[in-house]
Amino acid sequence: AKNAYDRTADMMAHFEKLTGIDYPFNKYDQTMVANFQFGGMENITATTMADTEIFFADIDYGRNAVMDLVSHELAHSWFGNMVTCRNWAELWLNEGFATFMEAVYREKLFGREDYQAKIRRDAATFLVDDAINKKRHGLFNQRAGDVSSLFDNSSITYSKGGVVIHMLREQVGESNFWKAINLYLTRHRFANVETPDLKNAVEESSGQELDWFFDQWVYGVGAPKLDIRKSYSSGRKTLKLTVTQTHSPANLVPAVFKMPLDVEVVTAGGKKSQTINISKRVETFNIDLDGAPKSVAFDVNEKIPLKTISDRNIQMLR
């Protein structure tokens, strides 16, 4: 119990600080039970956990996985208990946030790289499953009427959900994001929420119009595949990037994913960073440089993990 739960108070204090909202109930218990069908269940003030999960806290390689479970269920006190999804189609608002908060606590404890590693693993889990899943749906789940299969595609509701919230954080910036979360939770305290409630709070706090973001990442299905061709003109000192979206459009899969993609170019004279705003199926971008590129990297800060990129060697032109 000590190995599993000793950080609970620290988690609670961190979540209170980030959301700006005190733990909303009068107590918090965590109970281990045998023969439980889930890893954990966030009953209000009294989370239930499977003993088979908690036992891993006694093993070095399992301790952080138990920490994730404990922080996930505690995070539901804000995301799922204090506010809760209006219907099953909106379940991602509960589970996506709880999964994201696992990474947020890791960030506090171990630093940014560990946070990014957790987000990266969640993105990979979704992308692998999305490649083979024949029953795909968006985060807003139009298949939710079949409650018996609600948790069959957990990589969408949990893994993708957490990553999309990370991407929203990156899109609007740290201060605007947590300001929006406070507004979202305060406005809907002890009430039901739908995706537009989150969108409205983030738009109000950031001043950004985010229809495009929610349309493709929440209501849409799948993830983009980008093929990037690179060529450098020594005469013009210009790097040309031709970006082609190669994923197959389908029902709810956008033909075009819009995204700001950071590009980092290293030359003999140093490093240059520039953001290209992708908005077409095939698009060309030019980046002026001080000399020939030694390397070109995309999304080095992992702001958009839900993508795959194939990029080719730089073609050197006169």
Side-chain angles (χ1 to χ4, degrees), residues 1-85 91-119 121-122 125 151 154 157-159 161-163 165-166 169 174 177-178 181-182 184-186 188-190 193:
K2 183 178 186 302
N3 286 339
Y5 299 129
D6 62 347
R7 290 196 173 103
T8 304
D10 187 54
M11 292 173 185
M12 188 177 289
H14 190 52
F15 294 169
E16 288 178 330
K17 178 181 177 182
L18 288 176
T19 62
I21 295 176
D22 289 345
Y23 174 76
F25 304 104
N26 64 324
K27 68 176 182 69
Y28 188 62
D29 298 328
Q30 297 173 104
T31 306
M32 290 178 285
V33 301
N35 303 314
F36 193 55
Q37 69 181 108
F38 301 113
M41 177 58 69
E42 65 276 15
N43 312 300
I44 294 176
T45 77
T47 287
T48 305
M49 295 177 179
D51 57 1
T52 49
E53 300 287 332
I54 298 303
F55 289 157
F56 280 104
D58 287 338
I59 305 170
D60 286 342
Y61 73 80
R63 196 159 296 141
N64 283 348
V66 176
M67 180 183 72
D68 289 340
L69 174 62
V70 173
S71 64
H72 181 106
E73 302 305 333
L74 175 62
H76 275 309
S77 297
W78 289 264
F79 305 98
N81 294 348
M82 191 183 83
V83 301
T84 195
C85 56
L91 182 60
W92 83 278
L93 292 170
N94 290 18
E95 299 301 347
F97 264 106
T99 303
F100 169 72
M101 295 301 279
E102 296 174 32
V104 165
Y105 186 67
R106 281 176 171 264
E107 185 176 28
K108 189 259 184 185
L109 206 61
F110 303 124
R112 182 70 177 182
E113 173 51 39
D114 197 85
Y115 165 87
Q116 289 180 313
K118 173 69 166 62
I119 295 294
R121 286 194 298 274
D122 286 342
T125 297
F151 292 91
S154 60
T157 306
Y158 289 71
S159 300
V163 177
I165 294 167
H166 157 77
R169 180 190 191 186
E174 186 75 1
F177 176 79
W178 290 112
I181 296 308
N182 176 267
Y184 168 73
L185 293 174
T186 300
H188 303 287
R189 186 180 180 92
F190 301 123
V193 287

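Reckoned from all heavy atoms, side chains included, excluding hydrogens, waters and symmetry mates. Just so it is clear, the model here is predicted, and its values are computed rather than measured.
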- Query: Should we count CZ of F190 as having more than 12 external heavy atoms under 6.0 Å?
  - Reply: yes
If you draw a 6.0 Å radius around CZ in F56, do more than 12 non-hydrogen atoms from other residues or ligands fall strictly inside?
no
Task: From CA spacing to verdict: side chain to side chain contact (heavy atoms under 4.5 Å, CB included), Y115, Y105 - done: CA-CA 8 Å; Y115 165 87; Y105 186 67; over 6 Å; no
Going through the checks in order, is the side chain to side chain contact (heavy atoms under 4.5 Å, CB included) test met by T47 and H76?
-> CA-CA 10 Å; T47 287; H76 275 309; over 6 Å; no
Mind listing the closest non-hydrogen atom pair of [X] and [Y] along with its distance?
{"X": "A75", "Y": "A98", "answer": "CB-CA, 4.1 Å"}
{"X": "S159", "Y": "T125", "answer": "OG-CG2, 3.7 Å"}
{"X": "L91", "Y": "C85", "answer": "CA-SG, 3.9 Å"}
{"X": "R169", "Y": "F177", "answer": "CA-CD1, 3.5 Å"}
{"X": "W78", "Y": "E16", "answer": "CZ2-CG, 3.7 Å"}
{"X": "N64", "Y": "F110", "answer": "OD1-CZ, 3.9 Å"}

Mind checking the [atom1]-[atom2] spacing from [X] to [Y]? Nearest 0.5 Å is all I need.
{"X": "D51", "Y": "T31", "atom1": "CG", "atom2": "OG1", "result": "12.0 Å"}
{"X": "Y5", "Y": "I54", "atom1": "OH", "atom2": "CD1", "result": "3.5 Å"}
{"X": "M49", "Y": "H72", "atom1": "CE", "atom2": "NE2", "result": "9.5 Å"}
{"X": "M67", "Y": "R106", "atom1": "CE", "atom2": "CZ", "result": "4.5 Å"}
{"X": "T99", "Y": "H166", "atom1": "OG1", "atom2": "NE2", "result": "14.0 Å"}
{"X": "F55", "Y": "E53", "atom1": "CZ", "atom2": "CD", "result": "11.0 Å"}

Applying side chain to side chain donor-acceptor pair (under 3.5 Å) to D22 and not counting sequence neighbours gives none
With sequence neighbours left out, the residues meeting side chain to side chain donor-acceptor pair (under 3.5 Å) with N94 are T84
Would you mind reporting whether [Y] and [X] have side-chain heavy atoms less than 4.5 Å apart?
{"X": "R189", "Y": "I21", "answer": "yes"}
{"X": "I165", "Y": "W92", "answer": "yes"}
{"X": "V70", "Y": "R7", "answer": "no"}

Q) Under 3.5 Å, is there a donor-acceptor pair between the side chain of T157 and the main chain of S154? A) no
- prompt: How are the rings of F79 and Y184 set relative to one another: parallel (under 30°), tilted (30 to 60°) or perpendicular (over 60°)?
  reply: parallel
K27 meets the salt bridge (Lys or Arg N to Asp or Glu O under 4.0 Å) criterion, sequence neighbours left out, with D29
- [ ] Please test V104 against K118 for side chain to side chain contact (heavy atoms under 4.5 Å, CB included), starting from the C-alpha separation and ending with a verdict.
- [x] CA-CA 9 Å; V104 165; K118 173 69 166 62; over 6 Å; no
Legend entry - E42 vs E95, side chain to side chain contact (heavy atoms under 4.5 Å, CB included): CA-CA, chis, key distance, verdict: CA-CA 11 Å; E42 65 276 15; E95 299 301 347; 3.9 Å; yes
I'd like to know if the side chain of D122 pairs up with that of Y158 as donor and acceptor (distance under 3.5 Å, no hydrogens or angles considered). no
task: Please determine if R121 and E102 form a salt bridge, counting it only when a charged side-chain N lies under 4.0 Å from a carboxylate O.
output: no
